[in-house]
Amino acid sequence: MTERYDPKTIEPKWQKVWLEEKTFSVREDPAKKKFYALVEFPYPSAQGLHVGHPRPYTAMDVVVRKRRMQGENVLYPMGWDAFGLPTENFAIKNHIHPAIVTKNNIDRFRSQIQALGISFDWDREVNTTDPAYYKWTQWIFLQLYKKGLAYKKEMSVNWCTGCKVVLANEEVVNGACERCGSDVVRKEKSQWMLKITEYAGRLIDDLEGLDYIERVATSQVNWIGRSHGAEITFGTTAGDEMVVYTTRPDTVFGATYMVMSPEHPYLKKWAGQLKNLDAVAAYQDEAAHKSDFERTELSKDKEKTGVRLEGVAAINPATEQEIPIYISDYVLASYGTGAIMAVPGHDERDYAFAKKFGLPIVEVVAGGDIEKEAFTDCETGVMVNSGFLDGLSVDEAKKEITDWLVRKGKGEAKTNYKLRDWVFSRQRYWGEPIPMVWCDSCGWQPISEDQLPLELPYIEDFEPTAEGDSPLARHDEWVNTTCPKCGGPGKRETDTMPQWAGSSWYFLRYCDPDNAKAIADLEKLAYWMPVDWYNGGMEHTTLHMLYSRFWHKFLFDIGVVKTKEPYMKRTSHGMILGEDGQKMSKSRGNVVNPDDVISEFGADTMRVYEMFIGDFEKTAPWNTASIKGSRRFLDRVWALQDSVSSEKGVRPQLEAPVHRTIKKVTNDVEHLKHNTAIAALMSLLNDFVAAGGPTKDEYKVLIHLLNPFAPHISEELWQRMGYGGQVAAAKWPEWDEAKTVEDTIEIVVQVNGKPRGHITAAADIGKEEALAMAKADEGIQKQLADKQIVKEIWVPGKLINFAVKG
RNA sequence: GCGGGUAUGGCGGAAUUGGCAGACGCACAAGAUUUAGGAUCUUGCGCCGCAAGGUGUGCAGGUUCGAGUCCUGUUACCCGCACCA
């Protein structure tokens, strides 16, 4: 009798072997097919790993361990996305420097991940806070700046009136500061912006040909929000022209008023002519307290608000009538031109607004009942009350009016995107310094590339300043420098980059992590890129994914990378919820720590459990009681070594189960259906037990197929059984299709779709013979008695259905 | 509000994509073994019913010989919404 299964000795033993022998380190090898598998690198938080992290790491580890055994050259790296707000806040609260917090957190994360036996190539670890890394993050920013894709703009930020700092949206709870509870207002601040909108069209179009799961692709398309319409120029009594964007230029005759966002620059310009300046200012102040999110929220019981501008009116270019202008917070400064033409008859929000303020509602598309509600159907409507457009369909009218506007010089066709430019400045310490210098005579100047990295100075007072600037602004010795252009006095930009920056290109650095001369060597990039398979959370679908695709496309345009897309395939894992079915969080107290699971059950059990828990793409609640089942499975695999017979080969009665399992596991793993693959392994184990134990060769197949899921125990058993070498280096088993099928099969017999019996027959039985057998069956005869067969359905090898009457 | 999802036993989940619903596991029950069990093994296990049988995939309709799967409508819940990452 062998000793009990003891993961506490087995697991560290093999983890040590892997690290010392560098089992999973790779080099470029043109002779082998490369496979670049990527999982999102974590933000190393002070809480350490929680059981949600290992789910994607393990799932991809299963794939790559299998691919290696199939002879592929696998790159599977890991690193740290370590700049960011939580670390800074933790540092402020606990008076420990963020650099130290970060180092400690990374060390903890690394050892926790290694304890899970994930086969990462630890020689390629990257860290976004390492100056040798962020040198290149800054370099990319400079290239963007040189190509005109980085610019400064006044943007509104969340300003805490109590703490006097800029807050992240997350730190604002119900309009108040999360920490001090003070009022949060919107405040204008000059910010660095990146022109991701310039790439909006390509970010949609190039999705074609990529293997992204559908919900990811759809989300990105919707987030970018391409729409086709027109820009129309309205005149005003103030003399200025107002340009609006609309997807419904056909309805311009029905535009009975205009609405601008409360932040619209004309309001300042028109101050002298506005007769109700106080009311306008009061409304602007009110709007400043709301986020865009709150402002666009449209619920039936929520009344529209707004103020009519007195003293200035607009002129509808189609009707040439004067129409009033309102300001209202349902119009956002950040979308379109920050002003709209309102067509209450054919837009729901305009309709609600018009009803509230008693504005005229004109029907210009017939087909609905505008007495009751806005008519928004573009398919069936016919133009009315629209001069030369009358009688046209909506589509025809769109074209006709656009041509007319162009001829009159009052508009043009325009494609618009919901996507906004990327706000790239953070008034924080723990981020990459933006490598720009302000010179009073030369304006903003990029620092010279040979000055990179521009290191983040080590300071002790990393709390934001009272003016809302980054804490770096307090350090004159760092801020004061010379202008790179004229050599005169200059001041450094004190804002830092957002955490998204470092994560927008990290997959490139893994290809050549120590390169001091370039982002990565071109040949190495050519070998490894693009990433063949990228798995990550749904929460990164629109931000991180689009930011990194944008940067990659830019680097492609300037010749740094050779592929226009970074990721060929994207899959997404579901979250692991707490035992109570709620999101794991410290405040709910439902966080499960993987260390505890490993120490009680072992890493292999943890891995098998997380892969067995359910559909990888769906959220799944943690269940401590269920883990036992996974451990019991491994215990039984371990115990089976004692009943292995000396017989060779696969016995005939086990051929079908063995070959079917090889096939199922091989296919399921590629589709991340690890749960059903494990179920198949459990079934094979049950078959072996039922057969009184496996032969040495049968057992070998089980151990081999188990290896990607439970690498430690399988490596140990492989060694004990003397199969030779390590499983990790053994060739993945193959199945013989002919051996997966049985010669006799069971066919279900239904009457009116209800199963009423079975017949057992040869696998290749024909229709007539099968029907005859079914009719001969006693139970079926009873069902068919006194009935008339109307139809006989035959699904070869599977099913017979008699449709009967009477 | 906008966008993306989900719904199957007491629980986690399977179902070759229109063909025997509940694989595999957890929990539970009975039995065996054991000084003992939070160990191991055997058997049972959707619901109603002694049974025959009936019924059953959020809810209401529909298509079909046949629907968890397709269509129409509906409800509930989850995720994201641009400075958390």
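What you see below is based on every heavy atom in this structure, not just the backbone, and it leaves out hydrogens, waters and symmetry mates. Below, read A as the first sequence line, B as the second, and so on, with proteins coming before strands; counting in each chain starts at 1. All values derive from a computational prediction rather than experimental measurement.
Residues passing the side-chain contact (heavy atoms from CB on, under 4.5 Å) test with A/Ala620 are A/Arg55, A/Ile613, sequence neighbours excluded. Residues passing the ring pair (Phe, Tyr, Trp, His ring centres under 6.0 Å) test with A/Trp80, sequence neighbours excluded: none. Annotation: side-chain hydrogen bond (donor to acceptor under 3.5 Å, both in side chains) contacts of A/Ser572 (sequence neighbours excluded): none. Qualifying salt bridge (charged side-chain N to carboxylate O under 4.0 Å, His left out) partners for A/Lys673, counting only residues two or more places apart in sequence or in other chains: none. When the side-chain contact (heavy atoms from CB on, under 4.5 Å) test is applied to A/Ser470, the partners found at least two apart in sequence or on another chain are A/Leu472, A/Thr494, A/Asp495. In this structure, A/Val741 has no side-chain contact (heavy atoms from CB on, under 4.5 Å) partners at least two apart in sequence or on a different chain. Contacts of A/Ser548 classified as side-chain hydrogen bond (donor to acceptor under 3.5 Å, both in side chains), with partners at least two apart in sequence or in another chain: A/Tyr567. Residues satisfying the side-chain hydrogen bond (donor to acceptor under 3.5 Å, both in side chains) criterion with A/Glu198, sequence neighbours excluded, are absent altogether.
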Under 4.0 Å protein heavy-atom contacts per nucleotide of nucleotides 62-67 of chain B, with B for base, S for backbone only and - for none: ---BS-

query: For nucleotides 38-46 of chain B, read 5' to 3', which letter fits each nucleotide if B means a protein heavy atom sits under 4.0 Å from the base, S means only the sugar-phosphate is that close, and - means neither?
result: --SS-----

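With hydrogens and angles ignored, no donor-acceptor pair under 3.5 angstrom links the side chain of A/Glu579 to the base of B/C11.
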query: So what does the secondary structure string of RNA chain B come out as, 5' to 3', with Watson-Crick or wobble pairs under 3.5 angstrom, [ ] for crossing and | for pairs with another strand?
result: (((((((..(((......[....))).(((((.......))))).(((....)))..(((((..]....))))))))))))....

Nucleotide N/O of nucleotides 3-6 of chain B paired with protein N/O under 3.5 Å:
| residue | atom | partner | partner atom | Å |
| --- | --- | --- | --- | --- |
| B/G3 | O3' | A/Asn222 | ND2 | 2.7 |
| B/G4 | OP1 | A/Asn222 | ND2 | 3.1 |

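Side-chain nitrogen and oxygen atoms of A/Asn675 include none within less than 4.0 Å of the OP1 or OP2 phosphate oxygen of B/G12.
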